[in-house]
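A, B, ... follow the sequence lines: proteins, then strands. Residue 1 opens every chain.
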Amino acid sequence: MDANTYQQTVDQLAPKRPVLRNCFTAFLTGGIICAIGQLISFVYMYFFPFTERTASNPTVATMIFIAMILTGTGYYKKIGQFGGAGSAVPVTGFGNAVISAAIEHKSEGFILGVGANMFKLAGAVIVYGVFSAFIVTLIKTILVNIGGISW
Amino acid sequence: MKNARTIQFVSKPSIVSTAVAVGPLEKQSPFHPHFDLIYEDERFGQETNEKGHAQLIEETCRLALMKAGLQIPDIDLFLAGDLVNQMTPTNFAARQLTTPFMGMFSACATSVSSLITASFFLESNHMDRILFGAASQHNAVERQFRYPIEYGAQKPPTGQWTVTGAGFGILSHHISGKPFVHSATIGKVIDCECIDPLDMGSAMAPAAFDTIQQHLAQNKGTSYDFVMTGDLGKNGYTILQELIQSSGVSSYLIDNYRDAGAEFYGKDKKFLSGASGAGCSASVYFGPIYAELLAKQWKKVLLVATGALLSPLSFQQGESIPCIAHAVELWME
Amino acid sequence: MKNLLMLSIILLLISGCSDSAKISIYHVDDDQEEIEALENVLQDNQKLSEAAGVFFDHQLAVSLQVKPMSKFNKEKIKKSVEKEVQAKFPNHDVFVSSDLKITWELMKIIEERPIEKELEEDLAKLQSLAKEET
Amino acid sequence: MIFSVIIAFVVGGLVCVIGQLLFDVAKLTPAHTLSLLVVVGSVLDGFGLYEPFIDFAGAGATIPITSFGNSLTHGAMQEAEKHGIIGVLTGMFEVTSSGISAAIIFGVIGAFLFKAKGKVS
């Protein structure tokens with residue numbers, strides 16, 4: 001059988017991903033997560049000495065804590081199947097990637113399992129975040145030194 | 001070259017008993033009345049998923065022996081496999097069973113490939129009783145091929161759910177009143193350049209089609225109660241139907257074509273395209289289908305187990321997904 | 001559900017843009033001239049939704065809340081207000097912030113009207129808080 | 001205040017829709033999508049656009065993973081401003097550390113507390 005004609009058959013017959021519906025549920029899920037984040041940051045600002053800027057750190061930590069509870073109790077993957085990117089893109093998704101890998105690899109022990117595999121999924125995010133930050137800053141530093149732009 | 005891809009077993013080796021055990025989620029399968037054991041604990045009382053997997057295999061094998069009224073020393077060979085790296089669960093179960101053992105791997109087609117191999121040993125009269133089958137455990141397989149269990153990745157509608165289940169049987173020389181292996185077709189590895197590991201149905205359908213076509217060409221005139229593929233899922237089922245229809249191989253097939261994966265979890269949309277895994281075809285073929293053959297509800301069935309021969313490494317390296325399908329024809333007289 | 005959301009957003013946008021800034025000022029020595037001068041500066045800026053100011057012993061702390069649709073330029077607006085206020089009150093040590101937390105704290109000061117010593121401490125605390133980086 | 005929450009909802013939701021389009025239309029895996037978004041956040045901060053975005057959207061900009069790239073770049077740029085080219089290497093984790101440290105801490109705690117269950121979603 002010819003692979004090309006077969007791929008055409010598959011494209012015709014395979015169920016399409018419901019893109020519009022997925023986008024709507026992603027919007028809803030992601031929106032709710034961010035709105036909860038906003039409320040939590042208000043709490044930190046109101047009751048603790050945090051400004052708008054500094055409140056984002058404890059907010060992120062709190063969101064990851066919530067992600068841990070939802071991951072451990074098995075709810076996060078349900079939210080994930082419903083919300084798609086809506087639950088993957090917020091930091092809770094980053095937390096879920098780290099925590100689910102940690103829980104999964106517990107059976108290999110805490111050093112070689114949990115420790116070594118925790119960033120199996122989320123590691124790429126840190127690696128490319130750091131690397132792109134390096135490149136971006138390097139370019140900007142060079143441009144500033146040449147002149148023309150300022151910080 | 002004898003052109004012996006399709007073999008007829010003249011000695012008609014019979015399946016004397018089978019046993020099927022499944023995990024808690026499989027309770028909702030429409031096939032569940034034919035499952036011998038339904039466990040409430042997906043780890044089968046063990047610490048890790050992999051240990052649970054081995055436990056599942058061992059207990060199902062012991063049950064198959066018990067149902068046939070046999071003891072471990074009566075078994076000449078244990079032929080089985082699973083999907084975990086190096087098939088450790090099966091190897092560890094074989095350690096407990098202490099029978100002579102050979103591991104089989106045809107991914108999710110292991111249920112049928114082990115039955116075919118067993119038939120050869122009996123046909124050549126070298127052995128008397130062979131324990132064969134396959135198993136899979138959802139958590140152990142999923143973490144290896146996809147993501148950690150609790151990771152919230154969205155599965156597309158073509159995604160399938162790996163079955164926690166084991167199906168084992170005992171094959172012996174012909175005994176009347178038991179279903180026997182009439183003939184078999186050994187599959188070729190077919191690759192239609194599918195690359196999506198979350199769409200196995202599309203990848204495996206051409207392999208199943210090739211094997212079915214070959215088997216039917218060699219057995220002209222036989223009419224089957226049905227042809228049942230292993231774990232193509234709802235998506236692969238539609239595609240294989242289209243392939244059969246457009247090739248005009250055999251028009252009666254279209255109405256008599258079934259898929260174990262598509263039927264396994266019924267119409268529950270949560271399971272998306274349906275079931276997959278080595279345990280899917282094994283538990284359906286050696287559970288409900290065997291029981292119905294035994295009850296003479298069916299006379300001739302063609303079982304085509306399908307397997308996707310990928311590893312996480314191979315698809316990350318950009319390789320396409322080669323697939324295989326083995327067919328076995330069971331008769332009941 | 002979606003329509004309702006859109007409607008409420010539009011309503012909020014309209015209502016958010018129409019009214020002029022709410023301004024509250026507290027002067028420890030109650031110098032009406034200075035209060036009015038600051039009020040005028042803040043009132044003139046159309047992009048503010050809320051503002052608070054506290055005068056204390058040649059110190060002037062001002063907090064701003066920018067209208068939602070102008071929030072993209074919050075930093076710029078803050079800087080321009082800072083310049084204007086500094087120009088108006090060259091004798092004062094001017095501190096301007098656009099942070100919500102600072103607004104809340106200044107409003108609290110205005111409500112409670114604390115004695116001078118406490119006020120001095122409060123203002124110092126605010127400034128160090130605002131200087132903290134993320 | 002309610003307005004800030006609504007803005008966070010809408011903007012955060014829209015960022016997630018971009019992610020969903022990368023999943024479904026560009027057929028990227030979650031890991032590819034998230035890495036791409038982090039890079040986008042980092043580049044936006046290079047142009048000085050991410051901070052105004054945070055001013056505008058609040059949690060709608062700080063909760064999506066793009067803010068990770070932003071804070072890494074922001075830390076690096078602050079250090080580079082102070083110490084020149086060497087600061088580029090040293091400043092990166094000064095701002096982001098909360099997300100990563102929280103993930104590590106709760107990851108280990110989570111591993112202590114929970115076991116994975118294969119329940120269907």
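- With a 4.5 Å cut-off on side-chain heavy atoms, D/F23 and A/N22 do not count as touching.
- Of the possible polar contacts, one joining the D/Q20 side chain to the A/A85 backbone as a donor-acceptor pair under 3.5 Å is found.
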Query - Criterion side chain to side chain contact (heavy atoms under 4.5 Å, CB included) on A/V136 and D/D45, from CA distance to verdict - result: CA-CA 9 Å; A/V136 166; D/D45 192 51; over 6 Å; no
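- The two residues D/S4 and A/F42 have their closest heavy-atom pair at CB-CZ, 3.8 Å.
- The most heavy-atom pairs under 4.5 Å with chain A, out of D/E81, D/H32, D/E51, D/K115, come from D/E81.
- Neither the backbone nor the side chain of D/E79 comes within contact range of chain A; no heavy atom of the residue lies under 4.5 Å from a heavy atom of that chain.
- For A/F119, the part lying under 4.5 angstrom from a heavy atom of chain D is the side chain only.
- A side-chain N or O of D/S42 and one of A/S132 form a donor-acceptor pair less than 3.5 Å apart.
- The aromatic rings of A/F110 and D/F112 sit parallel to each other, their planes meeting at less than 30°, with 60° as the upper class boundary.
- With a 4.5 angstrom heavy-atom cutoff, D/A61 does not touch chain A via any of its atoms.
- A distance of 8.0 Å separates OG of D/S71 from CG of A/N57, quoted to the nearest 0.5 Å.
- Heavy atoms of A/V114 lying under 4.5 Å from chain D belong exclusively to its side chain.
- Options A/G30, A/G72, A/A35 differ in how many heavy-atom pairs under 4.5 Å they form with chain D, and the most are formed by A/G72.
- Ranked by heavy-atom pairs shorter than 4.5 Å toward chain D, the options A/A133, A/S41, A/G113, A/G93 are led by A/A133.
- Atom CD1 of residue D/I7 and atom CD of residue A/Q38 lie 9.5 Å apart, to the nearest 0.5 angstrom.
- Taking all atoms of both residues into account, the shortest heavy-atom contact from D/A59 to A/C34 is CB-O, 3.4 Å.
- Residues D/F68 and A/Y128 place their aromatic rings such that the two centres sit no closer than 6.0 Å.
- Counting heavy atoms from C-beta outward, A/I32 and D/F9 have side chains that approach closer than 4.5 Å.
- For chain A, the option among D/G60, D/P64, D/G58 with the highest count of heavy-atom pairs below 4.5 Å is D/P64.
- Every residue two or more places apart in sequence or in another chain that forms a salt bridge (Lys or Arg N to Asp or Glu O under 4.0 Å) with D/D55 is listed here: A/R53, C/K74.
- Per-residue counts of heavy-atom pairs under 4.5 Å with chain A were compared for D/G46, D/G48, D/A103; the largest is that of D/A103.
- Annotation: D/I86, atom CD1; neighbour count of heavy atoms from other residues, nucleotides and ligands within 6.0 Å does not exceed 12.
- Residues of residues 8-20 of chain A lying under 4.5 angstrom from chain D, judged on non-hydrogen atoms, are A/R17, A/V19 in numerical order.
- Going from atom CD1 of D/I105 over to atom CD1 of A/I99 covers 11.0 Å, rounded to the nearest 0.5 Å.
- Chosen from A/V98, A/T141, A/V60, A/V125, the residue pairing most often with chain D at heavy-atom distances under 4.5 Å is A/V125.
- Nearest heavy-atom pair across D/V88 and A/F134 is CG1-CD1, 3.5 Å.
- With contacts defined as side-chain heavy-atom distances shorter than 4.5 Å, the pair D/L21/A/C23 qualifies.
- For a residue to count as touching a neighbouring chain, one of its non-hydrogen atoms must lie under 4.5 Å from one of that chain's; by this rule A/M118 touches chain D with the side chain only.
- Most heavy-atom pairs under 4.5 Å with chain A: of the set D/G107, D/P30, D/A111, this distinction falls to D/A111.
- Counting only heavy atoms from C-beta outward, the side chains of D/F114 and A/T71 never approach each other to under 4.5 Å.
- With a threshold of 4.5 angstrom between heavy atoms, D/I104 approaches chain A through its backbone and through its side chain.
- Contacts of D/V108 with chain A are made by both backbone and side-chain atoms, with heavy-atom separations under 4.5 Å.
- Note: A/K140 NZ to D/F47 CZ = 8.5 Å, rounded to the nearest 0.5 Å.
- Expressed to the nearest 0.5 Å, how far SG of D/C16 lies from CD1 of A/I33 amounts to 6.5 Å.
- Under the 4.5 Å side-chain criterion, counting only non-hydrogen atoms from C-beta, A/F131 is not in contact with D/V39.
- Interface check for chain D: of the options A/G86, A/G83, A/A122, the most heavy-atom pairs under 4.5 Å are formed by A/G86.
- Contact count against chain A (heavy-atom pairs under 4.5 Å) is highest for D/D24 among D/V15, D/D24, D/V43, D/L14.
- The residue among A/A61, A/A102, A/P90 with the most heavy atom pairs within less than 4.5 Å of chain D is A/P90.
- In this structure, the side chain to side chain contact (heavy atoms under 4.5 Å, CB included) partners of A/P58, at least two apart in sequence or on a different chain, are A/Y44, A/F50.
- Residues passing the salt bridge (Lys or Arg N to Asp or Glu O under 4.0 Å) test with A/E108 are B/R143, sequence neighbours excluded.
- In this structure, CG on D/L34 lies 11.5 Å from CD1 on A/I126, to the nearest 0.5 angstrom.
- Considering only heavy atoms from C-beta on, A/T59 comes within 4.5 Å of D/I63 through its side chain.
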